[in-house]
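Just so you know, ligand 1 is whichever comes first in the structure, and atom 1 is the first atom listed for that ligand.
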Amino acid sequence: MGGKSSELRVRRAHCLGGEISVPGDKSISHRAVMFASLADGDCRIEGFLPSEDCLATVAAMRSLGVSIDVLEQSSLGPECLLVHGRGMVTEVPPGDIDCGNSGTTMRLMSGILAGQGFASRLVGDESLSKRPMGRVIRPLSDMGADIKAEGTGGGAPLAIRGSRLQGIRYELPVASAQVKSAVLLAGLFAEGLTTVIQPVETRDHTERMLNSFKVRTRTEGREISIAGGQKIQSCDFVVPGDISSASFWLVAASVFPGSQLKINNVGLNPTRSGVLEVLIGMGANITSSVVNDDGGEKVGDITVCGEGLNGIEISGGIVANIIDELPILAVAAALAEGTTMIRDAGELRVKETDRIAAVAKNLQAMGADIEEFDDGMRISGGKKLHGACIESYGDHRIAMAFAIAGLFADGDTVIENADCIAVSYPGFERDLEVLSSGVKKEQEEGGADSAG
Ligand code: S3P
């Protein structure tokens, strides 16, 4: 591992193992900062993910007049925050609110800002400016919001003129936790009841965390309702490790025969843990045990013994659960025996980059056999991978997925534009080094073959 600051060079490894904790959950960190900012007093947030995306949310809430202190700073950044909630009161921001690369910041903030008594403007980087925002603008407009997409193609910047909102009943056309959350948050500031109907279950951190902050929501099957005018009561919150970050190591350890890996303190929310189900379906030897259920989120430890993987069919309702893990699962499929089919995953085309095209192009560059579909891909596993120059397309999950592929390839794999990894996993390179080279050293000491 090494290279220029924006370049990550990865060499073949032979095993991956050890015991780690991954940084805090990204989705939960965003929500913790937003809800704590709206709460009626001080909230301590431990295990906050100090990634660029989540720091954009901290900056956004600060620009609305919320004071947020850093109580503990690790080498990765601020991991313990004290948020001085202002009881649903926000101030006119001094300028544009920059959401950076973060779709979660932009979409959830649009829900909050739609119901405030002032105008605001949300801007984002090049990637975020290309992402679809009509999916939040439509339901929020139905509630009475005044939001204009100023970007070409109906995207950011979003100019929001705060309005009096009315509760609605809204059937989501896409399975999106971000859209669901934006509508529920707007519903908190609206008159009457707001109900969102999801096509399939999506991550439910918003509902769980609102309940922890003593806001009532009602879930009945695919319908979630919230009554407007409720107050958010302050509470302390501990953010578990991010299962999406853990999934990179789960895949690598599952494929290397003989690997032994333990990841502690990972969020095991059932609407996010589908990656475990898929890997076990591929033959992985993975066990998980819940050690804590405080704050409404299941948290536990995961152990993996490397035994290799087989192909699998992935489609239907599970796709929303594993949407962020599909790039690394596609890499897992290339390293597995047999064929993997991924369908119903068209949403991957509107993530930080077109993840179907990026995965297909990069896997092909490394010698894998992959066919691309509108809504997925077919991967024939077991082909020998070789190092290549990999374009991250500025997408953190593409960069990390292919750093893992590089551990299994002949020759060097160079991930270009690897800085984007800091969007969700600061410290990834360090963990990669520790988990792969520590094992190599042990093997060398034990006399095992360590030729690269
Ligand atoms: C997220 C929801 C998902 C996911 C994203 C984070 C969230 O997006 O891909 O990384 O925090 O709610 P969609 O809800 O748009 O599918």
S.K.: Does one side chain, of S51 or S424, offer a donor that lies under 3.5 Å from an acceptor on the other?
M.R.: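 There is no such pair between these side chains.
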
S.K.: Given H30, H205, R107, R31, identify the one with the heavy atom nearest to atom 12 (O) of ligand 1.
M.R.: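 Result: the heavy atom closest to atom 12 (O) of ligand 1 is in R31.
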
S.K.: I323 heavy atoms, cut-off 4.0 Å: which ligand 1 atoms fall inside?
M.R.: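 Answer for ligand 1: 9 (O).
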
S.K.: Side chain or backbone, does A177 bring an N or O within less than 3.5 Å of an N or O on ligand 1?
M.R.: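 Among all N and O atoms of A177, at least one is under 3.5 Å from an N or O of ligand 1.
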
S.K.: Of the options R131, R355, R135, which is the one that meets E347 in a salt bridge (Lys or Arg N to Asp or Glu O under 4.0 Å)?
M.R.: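 Option passing the salt bridge (Lys or Arg N to Asp or Glu O under 4.0 Å) with E347: R135.
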
S.K.: I need the atoms of ligand 1 closer than 4.0 Å to a non-hydrogen atom of T104, numbered in the order shown.
M.R.: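 Close to T104: 1 (C), 6 (C), 7 (C), 11 (O).
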
S.K.: Indicate whether any N or O donor in one side chain lies under 3.5 Å from an N or O acceptor in the other, for T217 and N211.
M.R.: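 Yes, N211 and T217 have a side-chain donor paired with an acceptor closer than 3.5 Å.
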
S.K.: Would a distance-only check, ignoring hydrogens and angles, find a side-chain to backbone donor-acceptor pair under 3.5 Å from S392 to G394?
M.R.: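 Yes; judged by distance alone, with no hydrogens or angles, the pair exists.
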
S.K.: Test your reading of the structure: does D324 have an N or O sitting under 3.5 Å from an N or O of ligand 1?
M.R.: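 By distance alone, the answer is yes.
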
S.K.: Among all protein heavy atoms, pick out the one at the shortest distance from atom 11 (O) of ligand 1; state its residue, atom name and that distance to 0.1 Å.
M.R.: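 Answer for atom 11 (O) of ligand 1: S27 OG, 2.7 Å.
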
S.K.: Give the residue, atom name and distance (to 0.1 Å) of the protein heavy atom nearest atom 15 (O) of ligand 1.
M.R.: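 Here the nearest protein heavy atom works out to S176 OG, 3.2 Å.
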
S.K.: Tell me, which protein residue and heavy-atom name are nearest atom 1 (C) of ligand 1, and how many Å apart are they?
M.R.: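 I find the closest protein heavy atom is Q178 NE2, 3.5 Å.
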
S.K.: Count the heavy atoms belonging to other residues, nucleotides or ligands that lie under 6.0 Å from CD of E277, then report whether that count exceeds 12.
M.R.: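 Check fails, neighbour count at 12 or below.
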
S.K.: Who's the nearest protein heavy-atom neighbour of atom 8 (O) of ligand 1, and how far?
M.R.: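 Minimum-distance protein heavy atom for atom 8 (O) of ligand 1 reads K351 NZ, 3.1 Å.
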
S.K.: Does a donor on one side chain and an acceptor on the other come within less than 3.5 Å for N269 and T271?
M.R.: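 Indeed, the side chains of N269 and T271 share at least one donor-acceptor pair under 3.5 Å.
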
S.K.: Does NZ or CZ of R378 fall inside the cone over F373's six-membered ring, less than 6.0 Å from its centre and within 45° of the axis?
M.R.: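 No, R378 and F373 do not form such a contact.
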
S.K.: Can you sort out which atoms of ligand 1 are near K26, meaning under 4.0 Å from one of its heavy atoms?
M.R.: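 Listed by number with element, the hits are 10 (O).
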
